[in-house]
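None of these values were measured; they are calculated from a predicted model. The basis for the numbers below is simple: all heavy atoms, side chains too, and nothing from hydrogens, waters or symmetry mates.
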Amino acid sequence: MSQKSTQSSLDNLRNTRIQKLNDLIDNGINPYPYTFDRTACAGELHEKYAELEPGSEDSKVYNVSGRIMAMRNNGMFVDLVDSSGKIQLFIHKDHVNEDKIKLLKLLDVGDILGVYGAVRRTPRGELSIKVSDFKILSKSLLPLPEKWHGLTDTETRYRQRYIDMIMNPEVRETFLKRSKIISETRNYLIQRGFLEVETPMLQPQAGGASARPFVTYHNTLDMQMYLRIAPELYLKRLLVGGLSEKIFEINRNFRNEGISPKHNPEFTMLELYQAYVDYNEMMVLTENLVSAIAQNVLGTMEIEYQGKKINLKPPWQRITMIGAVKKFTNIDFSQFLSAPEAAEEAKKIGVNPQEGDSWGSIIDQVFEIKVEPHLIQPVHIIDYPRDISPLAKPHRDDSRLVERFETRINGWEIANAFSELTDPIDQRRRLENQINSRREGDFETPVEIDEDFLKALEYGMPPAGGLGIGIDRLIMLLTDSASIRDVISFPTLKPRHDNL
RNA sequence: GCGCUAUUAGCUCAGCCGGUAGAGCAAUCCCCUUUUAAGGGAGAGGUCCCGCGUUCGAAUCGCGGAUAGCGCACCA
């Protein structure tokens, strides 16, 4: 077998570039220098010289840097891209030292280049930099995907997000918006007196939600630990502590469950608590927060998601859960108060609850199947059954219900909020009931009570409204992204053991 | 976890009634030189995802596996 045939095509492409790298070094050039004195970016120049006439030029020299994305006419024309946009370079032997012109053939698409030159608009109208000198800032050894079709392979896009970002400007745009959405959220809350806090991700028991946790182990403490499924129980402890009457946390939760276009094992949650208010206040806060983010990041409250127009302008519609179910199924579950009766009614419309499911759980199942798909425009679904909401305060007018709402947009649960349960005796009873009704193979219900959380409540927690917003899904909506993987820079994937 | 679909050159894709692979782009060399997916020419580049099987012969058919996407289940 010849030596050549043992090399892959990629190896050959890479070796060609390594040869160029060595040629640069032989010419006394460091292909990986330390700095470049950048004085302008592409977008800035396009803005500044928008009025420059074709064929004319300015005398001011700028230093611009970025990645080479295309080369035409043997390097005479180069497309240079930085985070602000693209600008064409005009590298002509009349304006550049002869030795430097020779170096042009050692450049490749993908290299990071710094250039010095005046701005000029070509006779054909393309704003360009008439390069007088250039400096290689990083020699690229691996070829980028072709310029026309770009990178479309979903697996490579997610595994090597950096290529995805280089090739697909809309991907950069999405992550830019993600960053803005999160900082707008922070700004909004901080401006209104909320204090940002951090609570444990590594917890001795995973509480505050119903989900299967990731299990890990601490060696020195010699104990099993869990990655948090929610920060709720710790944030409430802080409310007991009185650190601030308004607190929030934006951070990761981890749930050891299925992966789908709407679920990633680690995802970002906003949870906030405000003392002395109830869930009514949380509804107002939710719609004001979400609509303000849309306005500030997108410049509009009217968005379009996968072809569906959604208007985020407050106020948002409110409907009780039982009322919503009645509206779409004609079944009034307030007339069927026992679980067997409710199950009977559910079966009539093709929803089949499991034996032993509670009244509230049956309504929830009917809601999910029969109502949820219709809720495209923002709507607060209020007053949930008590038995599926162990952390919410009983409804002041109806003991079977709690003061809880979930905000639906595009059918998705975007927010979940309650008048928080602050009665330590009731809270203990609810958590005990939950544990007692735990079924075989249920990995989602905690095995034991978080005694310290109950102890904290016994010291006295102020009445409070609490709100959780799934940030990734909100970002999906605001960026028109079909998959949660499109808004998480490195989504969870199985590692590959081949060479990809 | 189950089902469906996909996996061929660095990238984007053809080829799939079984006869041991093709294009465009990129890369290399030559020509041209104010281009915009620049143009013209030449040559090169492949474990057809992996394994086993059927067959005279498998990229193509069968079985098993890997990874991904989508759907279902679980959930936010």
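Scanning for side-chain hydrogen bond (donor to acceptor under 3.5 Å, both in side chains) contacts around A/R157 gives A/D164, with sequence neighbours left out. Evaluation of the side-chain hydrogen bond (donor to acceptor under 3.5 Å, both in side chains) rule for A/S56 yields no partner, not counting sequence neighbours.
You'll find the ring centres of A/Y305 and A/W412 inside the 6.0 Å limit.
Using atom C1' as the reference point in both B/C48 and B/C61, the two lie 16 Å apart (nearest Å). One P atom belongs to B/U12, the other to B/U54, and the distance between them is 36 Å to the nearest Å. Between B/C25 and B/G41, the distance separating the two P atoms is 10 Å to the nearest Å. Only the C1' atoms considered, B/C16 is 14 Å distant from B/G22, to the nearest whole Å. To the nearest whole angstrom, the two P atoms, one in B/A38 and one in B/C49, are 31 Å apart.
Contact annotation for A/R120: base contact, defined as any heavy-atom pair under 4.0 Å involving a base atom. Residue contacts for A/K20: at a heavy-atom cut-off of 4.0 Å it reaches the sugar-phosphate backbone alone, with no base atom in range. Contact annotation for A/T16: backbone-only contact, meaning every heavy-atom pair under 4.0 Å involves sugar-phosphate atoms and none involves a base. When heavy atoms are screened at a 4.0 angstrom cut-off, A/G150 is found touching the sugar-phosphate backbone but no base atom. Using a 4.0 Å heavy-atom distance criterion, A/D94 is classed as making no nucleic acid contact. Nucleic acid contact class of A/F90 (heavy atoms, under 4.0 Å, all strands): base.
Proximity note for A/K494 (side chain, C-beta onward) versus B/U12, B/U67, B/G69: the nearest is B/U67.
Pairing for B/A23 is with B/U12, a Watson-Crick or G-U wobble pair whose two hydrogen-bonding atom distances lie under 3.5 Å.
Just one of A/L10, A/I163, A/D108, A/L13 meets the side-chain contact (heavy atoms from CB on, under 4.5 Å) condition when paired with A/L142; it is A/L10.
For CD of A/E304, the number of neighbouring non-hydrogen atoms (other residues, nucleotides, ligands) closer than 6.0 Å is greater than 12.
For the residue pair A/N15 and A/Q19, no side-chain donor N or O sits within less than 3.5 Å of a side-chain acceptor on the partner. In this structure, a donor-acceptor pair under 3.5 Å is absent between the side chains of A/Q205 and A/Y226.
Using a 4.0 Å cut-off, some side-chain N or O of A/R159 falls inside it from OP1 or OP2 of B/A68. Listed pair A/T152 / B/C13 meets the phosphate criterion, a side-chain N or O lying under 4.0 Å from OP1 or OP2. The side chain of A/R14 places no N or O atom within less than 4.0 Å of a non-bridging phosphate oxygen (OP1 or OP2) of B/A27.
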Between the protein and nucleotides 24-26 of chain B, list every N/O to N/O distance that falls short of 3.5 Å.
residue : atom : partner : partner atom : Å
B/G24   : N2   : A/E146  : OE2          : 2.6
B/A26   : OP1  : A/K147  : NZ           : 3.2

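If you check distances only, the side chain of A/N74 does reach the base of B/U33 with a donor-acceptor pair under 3.5 Å.
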